[in-house]
Amino acid sequence: DLADNYEAFKKLNAEIYSVSCDTEFVHKAWHDASPAIKKIDYIMLADPTAALAKDFDVYIENKGQAERGTFIVNPEGKICRRIIKKIISM
């Protein structure tokens, strides 16, 4: 879990950002209600217009939602690794 290992990432001069297409108000509600979210010390970014989701090519236009993605970006801004968890339709 990234939250449990955040300090180890920082010691490696790495930073973690969490991004969702929800608003900052939803993030605040999650933080207040969820013990798992409450322990997160890294930045949670709101992307309600899905601009970042589209830039990272994880936004599914016809569903209006983003797939879960993990990206490693080097200091020059190049994506070195990407892992996408596909949304399964039911």
Side-chain angles (χ1 to χ4, degrees):
D1 181 53
L2 292 175
D4 292 335
N5 295 296
Y6 183 50
E7 288 303 317
F9 279 95
K10 287 175 56 175
K11 286 179 183 173
L12 295 170
N13 277 340
E15 189 54 74
I16 297 173
Y17 298 94
S18 169
V19 182
S20 81
C21 291
D22 295 303
T23 67
E24 66 270 21
F25 305 109
V26 172
H27 291 178
K28 174 76 167 100
W30 278 348
H31 181 271
D32 293 347
S34 169
I37 300 297
K38 195 171 287 193
K39 71 180 182 178
I40 291 176
D41 289 327
Y42 50 82
I43 296 170
M44 294 180 71
L45 300 171
D47 185 26
T49 63
L52 282 172
K54 291 172 185 173
D55 285 347
F56 280 80
D57 199 28
V58 294
Y59 191 71
I60 303 170
E61 199 74 44
N62 65 342
K63 291 186 177 189
Q65 59 188 156
E67 296 170 315
R68 293 183 184 267
T70 301
F71 302 87
I72 299 175
V73 182
N74 72 13
E76 291 77 37
K78 179 182 178 195
I79 296 174
C80 300
R81 181 82 166 117
R82 87 186 237 149
I83 302 165
I84 307 298
K85 294 183 181 178
K86 298 290 182 186
I87 296 173
I88 299 172
S89 298
M90 299 203 169

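All values reported here derive from a predicted model rather than from experimental measurement.
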Q: For C80 versus N74, what's the shortest heavy-atom pair and its separation?
A: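 The answer is SG-CB, 3.6 Å.
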
Q: Is there a path of hydrophobic side-chain contacts, each under 4.5 Å between heavy atoms of I/L/V/M/F/W/Y residues, joining I60 to I84?
A: no

Q: Considering all heavy atoms of both residues, which atom of F56 and which atom of R82 are nearest to each other, and what is their separation?
A: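 Where F56 meets R82 most closely, the heavy atoms are O-NH1, 3.2 Å.
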
Q: What pair of heavy atoms forms the shortest contact from S18 to Y42, and how long is it?
A: CB-CE1, 3.6 Å

Q: If every non-hydrogen atom of T23 is compared with every non-hydrogen atom of P48, which pair is closest and at what distance?
A: CG2-CB, 4.1 Å

Q: Of all heavy-atom pairs between D4 and K39, which one has the smallest distance, and what is that distance?
A: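 Result for this residue pair: OD1-NZ, 3.0 Å.
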
Q: Taking atom NZ of K85 as the centre, report whether more than 12 heavy atoms of other residues, nucleotides or ligands fall under 6.0 Å from it.
A: no

Q: Looking at K28, H31, H27, which hits side-chain contact (heavy atoms from CB on, under 4.5 Å) with M44?
A: H27

Q: Start with the C-alpha gap between V73 and Y17, add the side-chain angles, then the distance that decides, and say whether side-chain contact (heavy atoms from CB on, under 4.5 Å) holds.
A: CA-CA 11 Å; V73 182; Y17 298 94; over 6 Å; no

Q: In this structure, would V26 and V19 fall into the same cluster of hydrophobic residues linked by side-chain contacts under 4.5 Å?
A: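 Looking at the clustering, V19 is in a separate group from V26.
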
Q: Hydrophobic clusters here meaning ILVMFWY residues chained together by side-chain heavy-atom distances under 4.5 Å, can you tell me if I16 and I72 are in one?
A: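 In one cluster with I16: I72, no.
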
Q: If two hydrophobic side chains count as joined below 4.5 Å and joins carry through other members, does F9 share a cluster with I40?
A: yes

Q: Nearest 0.5 Å, what's the CD-OH distance between E67 and Y59?
A: 12.0 Å

Q: How about CZ on R68, more than 12 heavy atoms from neighbouring residues, nucleotides or ligands closer than 6.0 Å, or not?
A: no

Q: A side-chain contact here means heavy atoms from C-beta on lying under 4.5 Å apart; do K11 and Y6 qualify?
A: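 A side-chain contact is absent here, since even the closest heavy-atom pair is not under 4.5 Å.
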
Q: State yes or no: do W30 and I43 share one hydrophobic cluster built from I, L, V, M, F, W and Y residues joined by side-chain heavy-atom distances below 4.5 Å, directly or via other members?
A: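 No, no single cluster joins them.
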
Q: Hey, is the main chain of A53 close enough, under 3.5 Å, to the side chain of D47 for a donor-acceptor pair?
A: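 Checked: pair present.
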
